[in-house]
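Presented below is the structure to which this report refers.
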Amino acid sequence: MRIGLLGFGVVGRGVYEITASRDDMQVVKVLCLEDIKLPDAEAVKDFKEILNDDSIDTVVEAMGGLHPAYDFVRAAIEAGKNVVTSNKALVCTFYDELLPLAESKGVKFRSTAAVGGGIGWLSELERARRVQKIRKVGGIMNGTCNYILDSMTRLNLGYGEALSQAQALGYAEANPTTDVDGIDTWHKIIISSNVAFGVSLDRESVPVSGISKITAEDVENFASHGYVCKLIATGKCQDGKYQAYVQPTLCPQGSLESAVPTNYNLITFIGTASDRMSLFGQGAGRYPTAHNVIQDCVDVMNGKGFYSTYGEKVTVVNDDKVCYYVRGCQDAWLEENRKDTWGSAVITEPVSVEAMHSWLKEHPGAFVAAIPA
Ligand code: HSE
């Protein structure tokens, strides 16, 4: 396999280093706007030098962001090149364009590193769905948020200090609000649900809330009631109806999720035959993520394309009802639904996920966490 590598940041450099010791694949050209010199590859500044190089059969996209990544990936597929990407924003946002295009062009398109970093989540989901229906997917899918929440809970670190550490360790996205506002997790649960259920979720119908408003008071409240807060993604398919959402969630102390440390992810599917299967591993970082890019390259060489065929567009209806912890805002609706009080926070009666997220849109200063029964 002869690879044109787009991007030479955290993941791209890891891909270059791992391929250097292999004889079945070679990075031939690297697109990088900075001046770099590489012993075994040509550094180029113009994507056309990769696109028009007929000796390159596969483009590995590790640039991140939507543009020009989308434009380059689309052009590569149209030119008949296989594509491997670690870019979840790209796969999620342009699912409806890229999947049908890759299918019609007969090229291989894979993105295992886009969900779960170093965990072979999408490739395991691909295997799981061959023999059963997948009912539920989700869990802890963002290393940066888990690092922050774990540091606040176990080490009493402040939010800002924990975020700075996650950035220094290379876990966070270029713009870390993508992580802490839950957008990165939102990309990942939409891709996972699409693969698991063989559909294309209407993204606008999938609500998300993040962890950026969490304080030490919240963490203390949770600990004194026997909980640990995690950012949890959920995707469900039941009787032809779909639900999907991302929200901070209180996990009982002693549960698997509560014990997930540092940048690790814990991602779970529930299948009709297998029941619960959970994958635990490094959700971010150079070598774990690059390792999954290389796994995809090996799979492409073995003739594997995307994890599922492109499926019908569906809108989610989030009618699950749960109690919520709400701090930082008071109003009549909250009072009507108040069941309990923890410190300055309201604990609600069970309300639908949809209702809570609609309320939160009108009260963006509040911190909200679900308390599943
Ligand atoms: N920023 C992401 C995370 C990187 O923290 O999980 C891996 O997708």
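What you see is a predicted model, and the numbers here were worked out from it, not measured in a lab. In each ligand, atom 1 is the first atom listed, and ligand 1 is the first ligand listed. Heads up: numbering here begins at 1 and tracks the sequence.
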Pairs satisfying side-chain hydrogen bond (donor to acceptor under 3.5 Å, both in side chains), at least one member in residues 156-165, at least two apart: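 Residue pairs passing side-chain hydrogen bond (donor to acceptor under 3.5 Å, both in side chains), neighbours aside: Tyr147-Gln165.
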Passing candidate, side-chain contact (heavy atoms from CB on, under 4.5 Å) with Leu98, options Tyr310, Phe306, Phe109: Phe109
message: Closer than 4.0 angstrom, basic N to acidic O: yes or no for Arg74 and Glu78?
response: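 Result for this pair is yes, salt bridge flagged.
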- prompt: Do the charged groups of Lys88 and Asp184 touch, with an N to O distance under 4.0 Å?
  reply: yes
message: Assess the residue pair Lys213 and Asp218 against the criterion (salt bridge (Lys or Arg N to Asp or Glu O under 4.0 Å)); give the C-alpha distance rounded to whole Å, side-chain angles, the decisive distance to 0.1 Å, and a yes or no.
response: CA-CA 10 Å; Lys213 303 284 185 319; Asp218 299 320; over 6 Å; no
- request: Could you name the protein residues that come within less than 4.0 Å of ligand 1, counting only heavy atoms, and order them by chain and residue number?
  value: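 Shell around ligand 1 (4.0 Å, heavy atoms): Lys88, Asn142, Gly143, Thr144, Tyr171, Ala172, Glu173, Asp179, Asp184, Lys188, Gly283, Ala284.
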message: By the definition side-chain hydrogen bond (donor to acceptor under 3.5 Å, both in side chains), identify the one residue from Glu349, Gln247, Lys339 that meets it with Tyr324.
response: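 Among Glu349, Gln247, Lys339, the one meeting side-chain hydrogen bond (donor to acceptor under 3.5 Å, both in side chains) with Tyr324 is Gln247.
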